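Working notes for the structure below.
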Amino acid sequence: MTAFARREAQCDWEGCAAKLIWELRSVNHRYREIQPRLPEELRSLDPDVREHAAQALARGKLEAVLYCKGLSSSELEIDWQRVAKLASACDELLEKFSNSASPAPVTEFLRLPGVLNEPTGELQPIKTAALALFDDALAELVETRSREGSKLANLIQKRLEATRAAVEGLHERRSAANQQIRERLEARIANLPQPADPGRLEQELVYIAQRFDIDEELDRIQAHLDEVERLLDSQDAVGRRLDFLMQELNREANTIASKAADSTTSNTAVDLKVWVEQMREQVQNVE
(Lines give C-alpha, C1' and ligand atoms only; values in the text may rest on other atoms or scores of the structure.)
Protein backbone atom coordinates (compact mmCIF):
# COMPACT_ATOMS: atom_id res chain seq x y z
CA MET A 1 0.00 0.00 0.00
CA THR A 2 1.37 3.39 -0.93
CA ALA A 3 2.42 5.61 1.99
CA PHE A 4 5.20 7.96 3.11
CA ALA A 5 6.52 8.96 6.53
CA ARG A 6 9.36 11.21 7.70
CA ARG A 7 10.83 11.72 11.16
CA GLU A 8 13.90 13.66 12.30
CA ALA A 9 15.63 14.31 15.62
CA GLN A 10 18.77 15.96 16.96
CA CYS A 11 20.86 13.70 19.18
CA ASP A 12 23.64 15.10 21.39
CA TRP A 13 25.92 13.25 23.80
CA GLU A 14 29.34 13.94 25.25
CA GLY A 15 31.81 13.48 22.42
CA CYS A 16 29.13 12.58 19.87
CA ALA A 17 26.32 14.44 18.08
CA ALA A 18 24.16 13.79 15.03
CA LYS A 19 20.96 14.80 13.29
CA LEU A 20 18.94 11.73 12.33
CA ILE A 21 16.35 11.72 9.54
CA TRP A 22 14.24 8.70 8.57
CA GLU A 23 12.29 8.62 5.31
CA LEU A 24 10.01 5.63 4.74
CA ARG A 25 8.30 4.88 1.43
CA SER A 26 5.84 2.04 1.02
CA VAL A 27 4.53 0.88 -2.36
CA ASN A 28 2.37 -2.00 -3.56
CA HIS A 29 3.96 -5.43 -3.72
CA ARG A 30 2.61 -8.95 -3.83
CA TYR A 31 4.84 -9.99 -0.93
CA ARG A 32 6.74 -8.22 1.84
CA GLU A 33 10.06 -6.70 0.83
CA ILE A 34 12.10 -4.47 3.16
CA GLN A 35 15.02 -2.42 1.84
CA PRO A 36 16.95 -0.46 4.51
CA ARG A 37 19.51 2.11 3.32
CA LEU A 38 21.80 3.05 6.20
CA PRO A 39 25.02 5.07 6.64
CA GLU A 40 28.15 2.97 6.89
CA GLU A 41 28.62 3.86 10.57
CA LEU A 42 25.14 2.55 11.43
CA ARG A 43 25.08 -0.47 9.14
CA SER A 44 24.72 -2.80 12.12
CA LEU A 45 21.13 -1.54 12.57
CA ASP A 46 20.02 -3.42 9.45
CA PRO A 47 18.74 -6.60 11.21
CA ASP A 48 16.83 -4.58 13.84
CA VAL A 49 15.24 -2.36 11.19
CA ARG A 50 14.10 -5.41 9.21
CA GLU A 51 12.71 -7.11 12.32
CA HIS A 52 10.73 -4.05 13.46
CA ALA A 53 9.36 -3.47 9.95
CA ALA A 54 8.34 -7.12 9.60
CA GLN A 55 6.38 -6.90 12.87
CA ALA A 56 4.44 -3.88 11.61
CA LEU A 57 3.92 -4.75 7.93
CA ALA A 58 2.64 -7.97 6.40
CA ARG A 59 2.71 -6.98 2.73
CA GLY A 60 4.23 -4.34 0.47
CA LYS A 61 7.64 -3.01 -0.48
CA LEU A 62 9.23 -0.73 2.12
CA GLU A 63 12.22 1.50 1.43
CA ALA A 64 13.69 2.87 4.69
CA VAL A 65 16.41 5.51 4.29
CA LEU A 66 18.36 6.90 7.25
CA TYR A 67 20.23 10.18 6.86
CA CYS A 68 22.79 10.92 9.57
CA LYS A 69 24.32 14.40 9.54
CA GLY A 70 27.21 15.61 11.69
CA LEU A 71 28.17 12.23 13.13
CA SER A 72 31.53 13.40 14.55
CA SER A 73 33.20 14.92 17.56
CA SER A 74 34.47 18.47 17.73
CA GLU A 75 38.15 17.42 17.80
CA LEU A 76 40.25 16.39 14.82
CA GLU A 77 43.18 14.00 14.99
CA ILE A 78 46.14 13.90 12.64
CA ASP A 79 48.06 10.67 12.10
CA TRP A 80 51.56 12.17 12.34
CA GLN A 81 53.26 8.85 11.70
CA ARG A 82 51.45 8.58 8.39
CA VAL A 83 52.30 12.17 7.56
CA ALA A 84 56.00 11.51 8.20
CA LYS A 85 55.95 8.52 5.86
CA LEU A 86 54.19 10.55 3.18
CA ALA A 87 56.71 13.40 3.56
CA SER A 88 59.61 10.95 3.27
CA ALA A 89 58.06 9.45 0.13
CA CYS A 90 57.57 12.95 -1.27
CA ASP A 91 61.25 13.78 -0.65
CA GLU A 92 62.32 10.65 -2.49
CA LEU A 93 60.13 11.59 -5.45
CA LEU A 94 61.55 15.11 -5.55
CA GLU A 95 65.09 13.72 -5.42
CA LYS A 96 64.39 11.37 -8.32
CA PHE A 97 62.41 13.86 -10.41
CA SER A 98 64.01 17.10 -9.27
CA ASN A 99 63.18 19.01 -12.46
CA SER A 100 59.53 17.94 -12.82
CA ALA A 101 57.78 18.67 -9.54
CA SER A 102 57.54 21.18 -6.72
CA PRO A 103 57.08 20.39 -3.02
CA ALA A 104 53.51 19.43 -2.18
CA PRO A 105 51.63 21.92 0.04
CA VAL A 106 50.58 20.88 3.53
CA THR A 107 46.88 20.91 2.59
CA GLU A 108 47.50 18.15 0.06
CA PHE A 109 48.70 15.88 2.85
CA LEU A 110 45.47 16.51 4.79
CA ARG A 111 43.38 15.38 1.83
CA LEU A 112 45.05 11.99 1.62
CA PRO A 113 43.14 9.02 3.06
CA GLY A 114 43.96 8.15 6.65
CA VAL A 115 45.77 11.38 7.52
CA LEU A 116 42.92 13.35 9.07
CA ASN A 117 40.70 11.35 11.42
CA GLU A 118 37.31 12.40 12.76
CA PRO A 119 36.63 10.24 15.83
CA THR A 120 32.96 9.37 16.18
CA GLY A 121 32.93 8.54 19.88
CA GLU A 122 30.46 6.02 21.28
CA LEU A 123 27.85 5.09 18.62
CA GLN A 124 25.52 3.00 20.76
CA PRO A 125 23.44 5.98 21.96
CA ILE A 126 23.08 7.09 18.33
CA LYS A 127 21.99 3.60 17.30
CA THR A 128 19.42 3.41 20.09
CA ALA A 129 18.01 6.81 19.16
CA ALA A 130 17.95 5.93 15.45
CA LEU A 131 15.98 2.74 16.10
CA ALA A 132 13.49 4.55 18.35
CA LEU A 133 13.04 7.23 15.68
CA PHE A 134 12.49 4.50 13.10
CA ASP A 135 9.68 3.06 15.24
CA ASP A 136 8.03 6.51 15.32
CA ALA A 137 8.27 6.84 11.53
CA LEU A 138 6.97 3.31 11.11
CA ALA A 139 3.96 4.06 13.31
CA GLU A 140 3.19 7.11 11.16
CA LEU A 141 3.49 4.99 8.02
CA VAL A 142 1.13 2.33 9.40
CA GLU A 143 -1.40 5.01 10.36
CA THR A 144 -1.27 6.45 6.84
CA ARG A 145 -1.76 3.00 5.34
CA SER A 146 -4.70 2.42 7.68
CA ARG A 147 -6.44 5.60 6.54
CA GLU A 148 -5.93 4.66 2.91
CA GLY A 149 -7.17 1.14 3.66
CA SER A 150 -10.44 2.53 5.05
CA LYS A 151 -11.02 4.45 1.84
CA LEU A 152 -10.25 1.38 -0.26
CA ALA A 153 -12.66 -0.68 1.83
CA ASN A 154 -15.45 1.80 1.05
CA LEU A 155 -14.69 1.61 -2.68
CA ILE A 156 -14.69 -2.19 -2.62
CA GLN A 157 -17.92 -2.21 -0.59
CA LYS A 158 -19.70 -0.20 -3.30
CA ARG A 159 -18.62 -2.69 -5.96
CA LEU A 160 -19.77 -5.53 -3.72
CA GLU A 161 -23.23 -4.00 -3.42
CA ALA A 162 -23.51 -3.58 -7.19
CA THR A 163 -22.34 -7.17 -7.76
CA ARG A 164 -24.76 -8.56 -5.19
CA ALA A 165 -27.68 -6.65 -6.74
CA ALA A 166 -26.80 -8.01 -10.19
CA VAL A 167 -26.62 -11.58 -8.86
CA GLU A 168 -30.01 -11.23 -7.16
CA GLY A 169 -31.44 -9.88 -10.43
CA LEU A 170 -30.18 -12.93 -12.32
CA HIS A 171 -31.69 -15.21 -9.69
CA GLU A 172 -35.06 -13.50 -10.03
CA ARG A 173 -35.22 -13.81 -13.79
CA ARG A 174 -34.06 -17.42 -14.07
CA SER A 175 -37.61 -18.71 -14.63
CA ALA A 176 -38.27 -16.01 -17.22
CA ALA A 177 -35.04 -16.89 -19.04
CA ASN A 178 -35.95 -20.59 -19.10
CA GLN A 179 -39.40 -19.70 -20.46
CA GLN A 180 -37.81 -17.67 -23.27
CA ILE A 181 -35.62 -20.63 -24.19
CA ARG A 182 -38.68 -22.91 -24.27
CA GLU A 183 -40.67 -20.51 -26.43
CA ARG A 184 -37.81 -20.17 -28.95
CA LEU A 185 -37.42 -23.94 -29.20
CA GLU A 186 -41.18 -24.51 -29.61
CA ALA A 187 -41.33 -21.85 -32.33
CA ARG A 188 -38.59 -23.63 -34.30
CA ILE A 189 -40.25 -27.01 -33.86
CA ALA A 190 -43.59 -25.60 -35.06
CA ASN A 191 -41.96 -24.84 -38.44
CA LEU A 192 -40.83 -28.44 -38.93
CA PRO A 193 -42.67 -30.44 -41.63
CA GLN A 194 -43.19 -33.37 -39.23
CA PRO A 195 -44.73 -33.09 -35.74
CA ALA A 196 -42.27 -33.50 -32.88
CA ASP A 197 -42.45 -36.22 -30.27
CA PRO A 198 -43.67 -34.53 -27.04
CA GLY A 199 -41.49 -36.81 -24.91
CA ARG A 200 -38.39 -36.03 -26.95
CA LEU A 201 -39.24 -32.32 -26.79
CA GLU A 202 -39.30 -32.40 -23.00
CA GLN A 203 -35.95 -34.24 -22.95
CA GLU A 204 -34.38 -31.58 -25.15
CA LEU A 205 -35.82 -28.81 -22.98
CA VAL A 206 -34.36 -30.44 -19.86
CA TYR A 207 -30.97 -30.81 -21.58
CA ILE A 208 -30.93 -27.18 -22.71
CA ALA A 209 -32.03 -25.96 -19.27
CA GLN A 210 -29.15 -27.87 -17.66
CA ARG A 211 -26.64 -26.54 -20.18
CA PHE A 212 -27.63 -22.92 -19.54
CA ASP A 213 -28.27 -23.28 -15.80
CA ILE A 214 -26.22 -20.78 -13.77
CA ASP A 215 -27.75 -21.31 -10.32
CA GLU A 216 -24.59 -22.94 -8.97
CA GLU A 217 -22.41 -20.09 -10.24
CA LEU A 218 -24.74 -17.52 -8.69
CA ASP A 219 -24.70 -19.35 -5.35
CA ARG A 220 -20.90 -19.51 -5.35
CA ILE A 221 -20.66 -15.81 -6.18
CA GLN A 222 -22.91 -14.97 -3.24
CA ALA A 223 -20.77 -17.12 -0.95
CA HIS A 224 -17.60 -15.38 -2.19
CA LEU A 225 -19.18 -11.96 -1.67
CA ASP A 226 -20.09 -12.88 1.91
CA GLU A 227 -16.48 -13.92 2.54
CA VAL A 228 -15.12 -10.68 1.04
CA GLU A 229 -17.33 -8.62 3.35
CA ARG A 230 -16.18 -10.68 6.33
CA LEU A 231 -12.53 -10.10 5.45
CA LEU A 232 -13.07 -6.37 5.02
CA ASP A 233 -14.19 -6.23 8.66
CA SER A 234 -11.15 -8.21 9.83
CA GLN A 235 -8.17 -6.55 11.52
CA ASP A 236 -5.73 -9.12 10.12
CA ALA A 237 -3.74 -8.99 6.90
CA VAL A 238 -6.24 -10.15 4.25
CA GLY A 239 -4.78 -8.90 0.97
CA ARG A 240 -3.76 -12.29 -0.41
CA ARG A 241 -7.06 -13.93 0.54
CA LEU A 242 -8.99 -11.11 -1.09
CA ASP A 243 -6.85 -11.49 -4.19
CA PHE A 244 -7.73 -15.20 -4.34
CA LEU A 245 -11.44 -14.44 -3.94
CA MET A 246 -11.27 -11.95 -6.81
CA GLN A 247 -9.85 -14.71 -9.01
CA GLU A 248 -12.72 -17.01 -8.03
CA LEU A 249 -15.34 -14.30 -8.66
CA ASN A 250 -13.86 -13.62 -12.07
CA ARG A 251 -13.95 -17.35 -12.89
CA GLU A 252 -17.65 -17.57 -11.99
CA ALA A 253 -18.45 -14.44 -14.02
CA ASN A 254 -16.69 -15.95 -17.06
CA THR A 255 -18.71 -19.15 -16.67
CA ILE A 256 -21.97 -17.20 -16.52
CA ALA A 257 -20.96 -15.30 -19.66
CA SER A 258 -20.24 -18.56 -21.50
CA LYS A 259 -23.62 -20.04 -20.45
CA ALA A 260 -25.68 -16.93 -21.17
CA ALA A 261 -28.65 -17.79 -23.38
CA ASP A 262 -30.10 -14.29 -23.56
CA SER A 263 -28.78 -10.76 -23.96
CA THR A 264 -29.76 -9.67 -20.43
CA THR A 265 -27.72 -12.43 -18.79
CA SER A 266 -24.82 -11.77 -21.15
CA ASN A 267 -24.80 -8.04 -20.42
CA THR A 268 -25.03 -8.66 -16.68
CA ALA A 269 -22.09 -11.08 -16.87
CA VAL A 270 -20.03 -8.34 -18.54
CA ASP A 271 -20.97 -5.95 -15.73
CA LEU A 272 -19.94 -8.56 -13.18
CA LYS A 273 -16.53 -8.95 -14.79
CA VAL A 274 -16.02 -5.16 -14.81
CA TRP A 275 -16.90 -4.81 -11.11
CA VAL A 276 -14.73 -7.76 -10.14
CA GLU A 277 -11.79 -6.32 -12.08
CA GLN A 278 -12.25 -2.96 -10.37
CA MET A 279 -12.23 -4.68 -6.99
CA ARG A 280 -9.18 -6.74 -7.95
CA GLU A 281 -7.23 -3.59 -8.81
CA GLN A 282 -8.04 -2.10 -5.40
CA VAL A 283 -7.26 -5.36 -3.59
CA GLN A 284 -3.69 -5.16 -4.89
CA ASN A 285 -3.28 -2.18 -2.53
CA VAL A 286 -4.57 -4.03 0.53
CA GLU A 287 -2.26 -5.56 3.08
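No experiment lies behind these values; they were computed from the predicted model shown.
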Counting C-beta onward and ignoring hydrogens, is there a side-chain heavy-atom pair between [X] and [Y] closer than 4.5 Å?
| X | Y | answer |
| --- | --- | --- |
| I214 | E252 | no |
| E8 | L20 | no |
| R145 | L57 | yes |
| H171 | D215 | yes |
| Y67 | V65 | yes |

Where is the tightest heavy-atom contact between [X] and [Y], given as atom of each residue plus distance?
| X | Y | result |
| --- | --- | --- |
| A153 | L232 | O-CD1, 4.3 Å |
| A253 | A269 | O-CB, 4.1 Å |
| A260 | T265 | CB-CG2, 3.8 Å |
| L138 | A53 | CD2-CA, 3.8 Å |

Polar side-chain atom of [X] near backbone of [Y] as donor-acceptor pair, under 3.5 Å:
| X | Y | value |
| --- | --- | --- |
| N267 | S263 | yes |
| R43 | L38 | yes |
| T268 | T264 | yes |
| W22 | A130 | yes |
| S150 | S146 | yes |
| R32 | A54 | yes |

Side-chain H-bond candidate by donor/acceptor type, K273 with N250, under 3.5 Å:
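Per modelled atom types, K273 and N250 side chains form no pair under 3.5 Å.
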Does either side chain, that of S44 or that of K127, offer a donor lying less than 3.5 Å from an acceptor on the other one?
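Yes, K127 and S44 have a side-chain donor paired with an acceptor closer than 3.5 Å.
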Could you grab the distance from atom [atom1] of [X] to atom [atom2] of [Y], nearest 0.5 Å is fine?
| X | Y | atom1 | atom2 | value |
| --- | --- | --- | --- | --- |
| M246 | Q282 | CE | CD | 11.0 Å |
| M279 | T163 | CE | OG1 | 4.0 Å |
| L160 | H224 | CG | NE2 | 12.5 Å |
| S234 | R241 | OG | CZ | 7.5 Å |
| L152 | E281 | CG | CD | 12.0 Å |
| L245 | R230 | CG | CZ | 9.5 Å |

Check the pair E140 / R6 against salt bridge (Lys or Arg N to Asp or Glu O under 4.0 Å), numbers first and verdict last.
CA-CA 8 Å; E140 179 185 350; R6 188 178 191 274; over 6 Å; no
Identified side-chain contact (heavy atoms from CB on, under 4.5 Å) partner of P36 from the options V49, L66, L62
V49
Against L231, only a single residue in L242, I156, D226, V283 fulfils side-chain contact (heavy atoms from CB on, under 4.5 Å); can you say which?
L242
Do [X] and [Y] sit in one hydrophobic cluster, given that two such residues count as connected whenever their side-chain heavy atoms are within less than 4.5 Å of each other, even indirectly?
| X | Y | result |
| --- | --- | --- |
| L272 | L155 | yes |
| L24 | L133 | yes |
| L218 | W275 | yes |

With side-chain contact (heavy atoms from CB on, under 4.5 Å) as the criterion, how do R25 and K61 come out once you've worked through the C-alpha distance, each side chain's angles and the decisive distance to 0.1 Å?
CA-CA 8 Å; R25 295 177 177 84; K61 181 177 181 180; over 6 Å; no
Can a salt bridge be assigned to the pair [X] and [Y] using a cut-off of 4.0 Å between side-chain N and carboxylate O?
| X | Y | result |
| --- | --- | --- |
| E168 | R164 | no |
| E248 | R251 | yes |
| R50 | D46 | yes |
| R7 | E23 | no |
| R220 | E216 | yes |
| K158 | E161 | no |
| R280 | E277 | yes |

Please check if atom CZ in F4 has more than 12 non-hydrogen atoms from other residues, nucleotides or ligands closer than 6.0 Å.
yes
